[in-house]
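Protein chains get the first letters and strands the later ones, always in sequence-line order, with residue 1 at the start of each.
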Protein chains: 2
Amino acid sequence: MGTLFRTRPPLVGQRPYTPSVASSLPATEDDVEAALSLLRAAGGRVTTARRALLEVLYEASDHRTAEELAADVHERLPDVHMSTIYRNLEELERLGVVAHAHLGHGPATYHLASSAHGHLVCARCGWTTEVPDRAFAGLSRDLKRTFGFTIDPRHFALLGVCEGCG
Amino acid sequence: MGTLFRTRPPLVGQRPYTPSVASSLPATEDDVEAALSLLRAAGGRVTTARRALLEVLYEASDHRTAEELAADVHERLPDVHMSTIYRNLEELERLGVVAHAHLGHGPATYHLASSAHGHLVCARCGWTTEVPDRAFAGLSRDLKRTFGFTIDPRHFALLGVCEGCG
DNA sequence: CTCTATGCAAATCTTTTGCACGAAC
DNA sequence: GTTCGTGCAAAAGATTTGCATAGAG
């Protein structure tokens with residue numbers, strides 16, 4: 001049903017795919033500890049930089065660029081380097097704790113994988129509207145049936161025009 | 001119905017939004033001329049670089065990075081500079097002739113706005129599946145009703161797992 | 001002739017990587 | 001004491017911008 005093309009291979013990185021390891025975590029402050037346990041279980045080490053990053057991730061759970069997260073971390077640990085932020089975000093993504101999305105132009109944004117939602121981005125005013133997972137239940141079912149494709153509803157952005165700008 | 005957040009303004013660029021000026025164009029080689037007319041109508045000038053870029057865009061209509069498009073253009077005009085490619089893609093996007101999308105990591109990909117489709121990107125193998133517009137009709141209706149948001153189905157990518165990797 | 005588009009170079013912005021040292025276990 | 005994580009510097013990749021000139025109208 002409908003044209004289907006298969007194109008070039010590696011447009012997306014080689015990251016191992018971990019659907020939602022962390023999506024069952026509760027919503028309190030010791031989510032941080034839970035995430036740190038995950039890290040340790042994976043043979044990783046608990047460092048102050050990692051704890052701080054997790055804290056700012058759990059405190060403000062909307063989409064934040066690596067730069068913004070670094071700024072937050074720096075309020076507590078001024079010497080944490082950007083490369084550390086990036087490396088840890090990568091690691092946390094591998095563990096399924098955070099996810100990133102590319103919303104239009106500009107840097108990637110990171111958010112907790114547990115906050116399951118998609119993004120609507122208004123092309124006129126640039127504002128971002130979050131949409132809960134289940135809004136995509138129907139689409140999800142259709143794509144599964146038609147294309148055999150299982151969407152990860154936490155990772156995408158739809159561009160369009162918001163109510164105010166319409 | 002469902003949590004709705006409004007967040008930070010300028011995550012997406014300031015590009016004026018032109019839904020689908022070119023979506024009614026036919027599918028032949030003088031699409032190029034039509035696009036050039038659009039350009040001229042907007043006070044622009046018809047240059048060899050622009051004609052060449054439009055030609056390669058219409059010849060291979062799948063997603064191509066700016067780099068790939070430049071390579072194609074260079075087969076005819078070896079001296080066209082990357083900055084010219086970027087500037088013209090920007091201009092053509094403003095006119096609604098092309099659109100770009102961010103598929104996972106890596107550079108943005110450009111395609112004709114008239115080839116209306118979304119992208120499914122497999123997080124495991126990285127392959128890209130194109131999905132025709134109308135697969136999103138239901139979602140489109142729901143989002144319109146629930147959020148007042150009109151999606152542009154030509155501009156997004158859904159991450160997930162394809163049939164082969166599932 | 002006027003004004004736009006181009007080439008070139010350089011800058012910018014985001015993200016990645018190599019290496020030596022310091023910290024966790 | 002090993003091994004992993006971090007800071008630093010530097011590179012890499014993608015895109016943007018300033019400026020003088022060539023080219024379109």
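Taking atom CG on B/L77 and atom P on C/dA5, their separation rounds to 17 Å, with Å as the unit. Summarising the geometry, the separation between CZ on A/R40 and P on C/dA24 is reported as 11 Å, rounded to the nearest angstrom. Nucleotide D/dA24 holds its P atom 13 Å from the CG atom of B/L36, rounded to whole Å. Atoms CZ (B/R51) and C1' (D/dG25) sit 14 Å apart, rounded to a whole Å. To the nearest angstrom, P of C/dA5 lies 8 Å from CG of B/L39. Rounding to whole angstrom units, CD1 of residue A/I85 and C1' of C/dT15 are separated by 13 Å. Rounded to whole angstrom, the span from the CE atom of B/M82 across to the P atom of C/dA10 amounts to 18 Å. For the pair A/E68 CD and C/dC13 C1', the interatomic distance rounds to 14 Å; values are reported in whole Å.
Within the 3.5 Å criterion, the main-chain N or O of A/R45 finds a donor-acceptor partner in the side chain of A/R50. Looking at B/T84, its side chain never comes within 3.5 Å of a backbone N or O of B/V80 through a donor-acceptor pair. For the pair A/E75 (side chain) and A/D72 (backbone), a donor-acceptor distance under 3.5 Å is absent.
Between B/R76 and B/V56, some side-chain heavy-atom pair lies under the 4.5 Å cut-off.
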For this session: Evaluate the side chain to side chain contact (heavy atoms under 4.5 Å, CB included) criterion for residues A/V97 and A/L54: first the C-alpha distance (whole Å), next the side-chain angles of each, then the deciding distance (0.1 Å), finally the verdict.
Result: CA-CA 9 Å; A/V97 176; A/L54 281 167; 4.1 Å; yes
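Judged by atom type and distance alone, A/R45 reaches the base of D/dT3 through a side-chain donor-acceptor pair under 3.5 Å.
Nearest-nucleotide positions on DNA chain D place A/A49 closer to the 5' end than the other of B/V46 and A/A49.
Which of D/dT17, D/dT6, D/dG7 sits closest to the side chain of B/R87 comes down to D/dT17. For B/N88, the side-chain atoms get nearest to C/dT6 when compared with the rest of C/dT6, D/dG25, C/dA9.
A donor-acceptor contact closer than 3.5 angstrom is absent between the side chains of B/R51 and B/T47.
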Sort me out a list of protein N/O and nucleotides 10-14 of chain D N/O pairs below 3.5 Å, or just none if empty.
none

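The side chain of B/T47 places no N or O atom within less than 4.0 Å of a non-bridging phosphate oxygen (OP1 or OP2) of D/dG23. For the OP1/OP2 pair of D/dT16 and a distance below 4.0 Å, the side-chain nitrogens and oxygens of B/S83 include no atom meeting the criterion.
Taking the six-membered ring where the residue is Trp, B/Y110 and B/H100 present tilted rings, their angle falling between 30° and 60°.
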